[in-house]
Peer 1: 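To start, I am sharing the structure in question, which I have written as structure tokens.
Per chain, numbering begins at 1; letters A, B, ... match sequence-line order. This is a predicted model, so every value here is computed, not measured.
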There are 2 protein chains.
Amino acid sequence: MNKREDMKQMIERLKQRGVTLTPQRMAVIEFLIKSSNHPCVDTIYQAIKKKYPSISPATVYSTLQLLKEMGEIQELHIRGDRACYDPITWRHHHLLCRSCGRILDVDIDGCPITNNKLIREHRVEEVQAYIYGVCSECLEKERDDKSKS
Amino acid sequence: MNKREDMKQMIERLKQRGVTLTPQRMAVIEFLIKSSNHPCVDTIYQAIKKKYPSISPATVYSTLQLLKEMGEIQELHIRGDRACYDPITWRHHHLLCRSCGRILDVDIDGCPITNNKLIREHRVEEVQAYIYGVCSECLEKERDDKSKS
DNA sequence: CTAGTTGCAAAAGCTTTGCATGCAT
DNA sequence: ATGCATGCAAAGCTTTTGCAACTAG
């Protein structure tokens, strides 16, 4: 809820994990937490350039990758052409408006497909759920490999 | 269920909508329907090249776009780096296995997050639901514009 | 003949990589 | 001094676009 508090905690977690928090990285974190727009790389880059004119896209990319690996942010591929980023809180689903192009957060109220509040407020044209994990076959192989060794 | 039947029906629908079914397009359709792998563009292209050595990636792209616009196939962005394609039937959700890299179909059994069969069979690490449509604000604007005119 | 499709090549993004420079501990 | 982060440039991919040649009805 409280963004300032969210940011403080994220920074604390990163520090404890030994991440060097350079001004550039701080700027990326701050921009991400403060924006509720799920910005793409270029948006983040353009915004930070105003404060740090020397920052390069490569730094933004590497920072985002770092934060993603640390589990502090989520990479969204809801837009086909470029990745967007979301500092994770409790929320989880996303609505891409085909009219204004914004990406809105959607509370998980049971199922995204039958979520009444969602359907009542917005016009839902399509739902895609992407599940990431390990499939049953690979799990079986894992088990076999373990039992052999 | 019956792929031959699915394909026949898809072709029938396309014909009725006035789509020219060239050999290249037929090859794309056939490959898509027959494969249960959710192939990416290059996989489709490489496969068809064996039969039609002269086919170009551009033709594959344009055919896929056409089929997508016709609502006959679905473009998946479950992989961040390239689009994959799925001839739509009744099913809807997808699991990307981080071990073997395959994309598996997942029946919608209620909610993808709490789907018991899914959780029992595979290891679910992350779920992202993408909803496409029009947000409440744009719907309101639409209504205002209509009432004005 | 006409409209639409194909194939090639070039171009346009987005993203990654390599490397020298620079900063911080 | 050492290791890491930065910034720049180049390269790698996927995807789009333009255009001439071709094909089908």
Peer 1: Can you check whether A:Lys3 reaches A:Ser36 side chain to side chain, under 4.5 Å on heavy atoms?
Peer 2: yes
Peer 1: Using whole Å, report how far OH of B:Tyr45 lies from C1' of C:dC8.
Peer 2: 10 Å
Peer 1: So, B:Tyr85 and B:Gln74: side-chain donor and acceptor under 3.5 Å apart, yes or no?
Peer 2: no
Peer 1: Looking at side-chain heavy atoms only, is the closest gap between B:Ile78 and B:Leu95 below 4.5 Å?
Peer 2: no
Peer 1: Under the 3.5 angstrom rule, does the side chain of A:Arg17 hit a backbone N or O of A:Met70 as a donor-acceptor pair?
Peer 2: yes
Peer 1: Side-chain N or O of A:Ser54 versus OP1/OP2 of D:dG7: is the shortest distance under 4.0 Å?
Peer 2: yes
Peer 1: Would you tabulate the pairs of protein nitrogen or oxygen atoms and nucleotide nitrogen or oxygen atoms of nucleotides 12-22 of chain D closer than 3.5 angstrom?
Peer 2:
from   : atom 1 : to      : atom 2 : distance (Å)
D:dT15 : OP1    : B:Ala83 : N      : 3.0
D:dT15 : OP2    : B:Tyr61 : OH     : 2.8
D:dT15 : O5'    : B:Tyr61 : OH     : 3.2

Peer 1: Taking only Lys NZ, Arg NE, NH1 and NH2, and the carboxylate oxygens of Asp or Glu, determine whether B:Arg4 and B:Glu30 approach each other closer than 4.0 Å.
Peer 2: no
Peer 1: Please report the C-alpha distance between B:Ile29 and B:Leu14 in whole Å, then the side-chain angles of each, then the deciding distance to 0.1 Å, and finally whether the side chain to side chain contact (heavy atoms under 4.5 Å, CB included) criterion is met.
Peer 2: CA-CA 11 Å; B:Ile29 291 169; B:Leu14 291 168; 3.7 Å; yes
Peer 1: What is the distance, rounded to the nearest whole Å, between atom NZ of B:Lys49 and atom P of C:dC8?
Peer 2: 10 Å
Peer 1: Just N and O in the side chain of B:Ser56: are any of them under 4.0 Å from OP1 or OP2 of C:dC8?
Peer 2: no
Peer 1: Check each residue of residues 8-27 of chain B for a non-hydrogen atom within less than 4.0 Å of any atom in DNA chain C, then write out the ones that pass by number, or none.
Peer 2: B:Thr20, B:Thr22, B:Gln24, B:Arg25
Peer 1: Nearest-Å distance, CD1 (A:Ile48) to C1' (D:dG7)?
Peer 2: 14 Å
Peer 1: Identify which one of A:His38, A:His93, A:His92 satisfies the side chain to side chain donor-acceptor pair (under 3.5 Å) criterion when paired with A:Asp105.
Peer 2: A:His38
Peer 1: Would you mind reading off the distance between A:Ile55 atom CD1 and D:dA5 atom C1', rounded to a whole angstrom?
Peer 2: 11 Å
Peer 1: More than 12 heavy atoms of other residues, nucleotides or ligands under 6.0 Å from CD of A:Glu137: yes or no?
Peer 2: no
